[in-house]
Structure formats: structure tokens, C-alpha cells
Colleague: 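Once you've had a glance at the structure underneath, I'll fire off some questions.
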Amino acid sequence: MYPPKFSYVIPDNVKEALEFLESHDDAKPLAGGHSLIPMLKLRIFRPSYLVEIRRLPELKYIKTEGNVVKIGPVVTHYDIMKANIPLLSETASKIADPQVRNMGTIGGSISHLDPSADYPAALIAMDAKVRIKSTKGERVESFSSFAKDMFTPDLNPGELVAEIEVPLLKDYKFSYQKLERRAGDFAIVGVAVALKVNGDVIQDARIGLTAVNKTAVRASEAEKILLSGKISEKLIEEAATKAMDYANPTSDIRGSAEYKKKMVKVMTKRAILAALNR
Ligand SMILES: Cc1cc2nc3c(=O)[nH]c(=O)nc-3n(C[C@H](O)[C@H](O)[C@H](O)COP(=O)(O)OP(=O)(O)OC[C@H]3O[C@@H](n4cnc5c(N)ncnc54)[C@H](O)[C@@H]3O)c2cc1C
């Protein structure tokens, strides 16, 4: 309940924040604090400094440029939910509860990289990109290579997630389906689906799974099945069945591995049907 002692740093701008992080190995950026503070309260680690980045205006924006949406890392789940970004806004709306959504940020969520977090299902399905900044410069990488392992983002000491970029899936039908025991819980299984439909055929299909692997995955063979013929109950059933091949869940208090794997099929089917009925 009681965090260990730390010093609190309020930089005026991103440059100052990066310089401080670069010169202090035991400093942690603080965004929404809704993963970091619970960990401090459990004394899982003891940083000497927390560097507050959540109020830096340079990191708080949502910009649509052509077919791309650029999102600053300290944009909250609530603001993303309200921004009408296909698939991503619906996913944000299902994170935790209203209080958490008011504080938690997209940059904090992907830097923390809980294997059951919601955004990764959508971000992997959207081929999102992550811009990373340090005092030495910046680099951009795909979300799939950024998410190296659970709780292990591709971030070096002194680096900040500076932007998340997703395509604007304007003409897509989409749905994020989350299986949870109670409203406000982390996902038992989460499936994000985006489909580009032309008449009775699907021209592009994106299926992202969360909570059933160490990091989110795309069920690419299931996507291919959806592209292989006219939309029918059989086609959807086959694709949803295939999605199970991409799940290697572990048994825990949220359910057995076997149950979770079966639920991947159920939730994929629900997500495809919900998207098509949009
Ligand atoms: C009760 C509760 C329920 C929750 N339920 C869900 C849920 O259902 N689904 C879900 O997805 N999440 C859930 N969460 C997690 C929530 O979404 C967090 O807000 C999120 O994981 C972390 O974002 P944050 O902005 O709060 O980050 P913080 O807690 O501030 O930071 C998390 C980590 O990321 C680092 N960090 C933060 N920003 C950056 C950056 N820009 N660059 C580099 N490193 C950075 C921090 O140093 C820290 O290590 C829940 C949290 C709580 C408390």
C-alpha cells in the first residue's frame, strides 16, 4: 500500500525530460500512473525519481493526416475512446473502468505491455507504428517488433515512446470483443477484428488476439480464410476455428488454458459477426 520514497521531477518540456532520463538510470517516466503506482505500492521496484510526462503538451495530441492517425503517448484512454478512431476507440472504451480510463494513457499501456492489455489486439491488427525518442534522436518501429515479450517493450534506458501511429481504417467494419469475468477486469480473451467488405466478399481482414500469448498476435491464416470465398456462416466458422491455432494461453485464476483457447474461437466469431453487422 505504501510506496517507497522517491523524488518527483516535473520537466518543462520533452527535451528536459529526456535529458533527465538519460542521466539517471533509476528514473522512471510517470504517465497515467495506473500501472506504475500500483507496482510502487507493492514495492515491486524502487526508482529514485519519477519524471512526470503526463502534462507535457508536446506529448498530448491526436492528429489525422491523410490516411494516418498520429497519437501522442500521454493521450488518455478516455480521449481515445471519444476520438472516433475506427477499432482503436472501441478498444479504449473497454479498458478497465471510467476512473482508470480518465488517467491511463496509450503510451503507458504499451510501455508497460501487460500480456492481457486491450490495445495490443487492435494495434497489432492495425499494423501500428511506434516512434521512440531519446536525446540521441528518434526511430520508428512496428508495434509487433516493439512488443518484444510480456512486460518487455523495445525501449532502452533514457528512451520515451513519443508517438503511436495507426492507419485510418475509414471504410472498414470493425469490432473489439473482450471476455471478462466482471466489468473493469483485464481480458480473459480479447479479439480485435477489422474487415474491408465489398458486396459479399471480404477484401482485407485483420484479426488481433490479446491475453492468450506473451504478446498480442495476428491470426494471419484465419484472416486468409476470410478472404478465400463469399461471406457465409461456414467461412466465419472456419476462420474462427483457425484463430485457435494462434493461442497458447496459460491456466490462471481467469480460466484454464483449454477454456481460453476455446473462447478464442467464440470471441473471434462474435467479433467477425459484430463487425459485419456494423
Ligand atoms: C484497476 C485497474 C484495472 C485495469 N484494467 C485494465 C484493462 O482492463 N485493460 C488494460 O489494457 N489495462 C488495464 N489497466 C492498466 C491501465 O490501462 C494503465 O493505465 C496502463 O497499463 C498504463 O498506462 P499509464 O499511463 O497509467 O502508465 P504508467 O502507470 O504511468 O506507466 C506504466 C509504465 O510505462 C512507463 N511509461 C509510461 N509512459 C511512457 C512513455 N511515453 N515512454 C516510455 N515509458 C513510459 C512507466 O515508466 C511505467 O514503467 C488497469 C489498471 C488498473 C489500475
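What you see is a predicted model, and the numbers here were worked out from it, not measured in a lab. Just so you know, ligand 1 is whichever comes first in the structure, and atom 1 is the first atom listed for that ligand.
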Colleague: For atom 3 (C) of ligand 1, what's the nearest protein heavy-atom neighbour? Residue, atom name and distance, please.
Modeller: A96 CB, 3.7 Å
Colleague: Taking the six-membered ring of F6, is NZ or CZ of K28 closer than 6.0 Å to its centre and within 45° of its axis?
Modeller: no
Colleague: Backbone N or O of A257 within a donor-acceptor pair of the S251 side chain at under 3.5 Å?
Modeller: yes
Colleague: Taking distance alone, with N or O pairs closer than 3.5 Å, would you say D118 contacts ligand 1?
Modeller: yes
Colleague: Considering only protein heavy atoms, which is closest to atom 34 (O) of ligand 1, and at what distance to one decimal place?
Modeller: S111 CB, 3.4 Å
Colleague: Hey, looking at atom 29 (O) of ligand 1, which of L56, T91, L36 has the closest heavy atom?
Modeller: L36
Colleague: Among all protein heavy atoms in this structure, tell me which lies nearest to atom 42 (N) of ligand 1, with the distance rounded to 0.1 Å.
Modeller: V161 N, 2.8 Å
Colleague: Indicate if F143 and L88 have the same hydrophobic cluster label, given that clusters are the connected sets of ILVMFWY residues with side-chain heavy-atom separations under 4.5 angstrom.
Modeller: yes
Colleague: Suppose I only count heavy atoms of D185 and a 4.0 Å limit; which atoms of ligand 1 are within that range?
Modeller: 8 (O)
Colleague: Step by step, work out the side-chain hydrogen bond (donor to acceptor under 3.5 Å, both in side chains) result for S256 and E258.
Modeller: CA-CA 5 Å; S256 69; E258 196 189 358; 4.9 Å; no
Colleague: Cation-pi check, R218 to Y246: give yes when NZ or CZ is under 6.0 Å from the six-membered ring centre and within 45° of the ring axis, no otherwise.
Modeller: no
Colleague: Please identify which atoms of ligand 1 are closer than 4.0 Å to at least one heavy atom of H77.
Modeller: 16 (C), 17 (O), 19 (O)
Colleague: Going by an N to O cut-off under 4.0 Å, is there a salt bridge joining D245 and K242?
Modeller: yes
Colleague: Just to be sure I'm reading this right: ignoring hydrogens, which of V100, I53, T105, D114 gets closest to atom 52 (C) of ligand 1? Compare them by their nearest heavy atoms.
Modeller: V100
Colleague: With a sphere of 6.0 Å drawn around NZ of K60, does it hold more than 12 non-hydrogen atoms of other residues, nucleotides or ligands?
Modeller: yes
Colleague: What protein heavy atom sits nearest atom 12 (N) of ligand 1, and how far off is it?
Modeller: F186 CE2, 3.4 Å
Colleague: Report yes or no: does V74 have a heavy atom closer than 4.0 Å to ligand 1?
Modeller: no
Colleague: Closer than 4.0 Å to some heavy atom of P73 - which atoms of ligand 1 meet that?
Modeller: 41 (N)
Colleague: Any idea which part of L160 is under 4.0 Å from ligand 1, heavy-atom wise: side chain, backbone, both or neither?
Modeller: both
Colleague: Are any of the side-chain heavy atoms of T268 and K265 separated by less than 4.5 Å?
Modeller: no
Colleague: Return the residue, atom name and 0.1 Å-rounded distance of the protein heavy atom closest to atom 51 (C) of ligand 1.
Modeller: H34 O, 3.4 Å
Colleague: Taking non-hydrogen atoms only, is E180 closer than 4.0 angstrom to ligand 1 via side chain, backbone, both or neither?
Modeller: neither
Colleague: Under 4.0 Å from a heavy atom of G33: give me the atoms of ligand 1 that qualify, with their elements.
Modeller: 24 (P), 26 (O), 27 (O), 28 (P), 29 (O), 30 (O)
Colleague: State if M39 counts as touching ligand 1 under the rule of any non-hydrogen atom under 4.0 Å.
Modeller: no
Colleague: Can you find an N/O atom of K178 closer than 3.5 Å to an N/O atom of ligand 1?
Modeller: yes
Colleague: Side chain or backbone of L59 under 4.0 Å from ligand 1, or both, or neither, by non-hydrogen atoms?
Modeller: neither
Colleague: Just need the protein heavy atom nearest to atom 32 (C) of ligand 1, so name the residue and atom and give the distance.
Modeller: G108 O, 3.8 Å
Colleague: To which protein heavy atom is atom 47 (O) of ligand 1 closest, and what is the distance rounded to 0.1 Å?
Modeller: P29 O, 2.6 Å
Colleague: Under the side-chain contact (heavy atoms from CB on, under 4.5 Å) rule, what do V266 and V189 come out as? Steps first, then yes or no, please.
Modeller: CA-CA 10 Å; V266 172; V189 171; over 6 Å; no
Colleague: So between G32, G184, G104, S35, whose heavy atom ends up nearest atom 20 (C) of ligand 1?
Modeller: S35
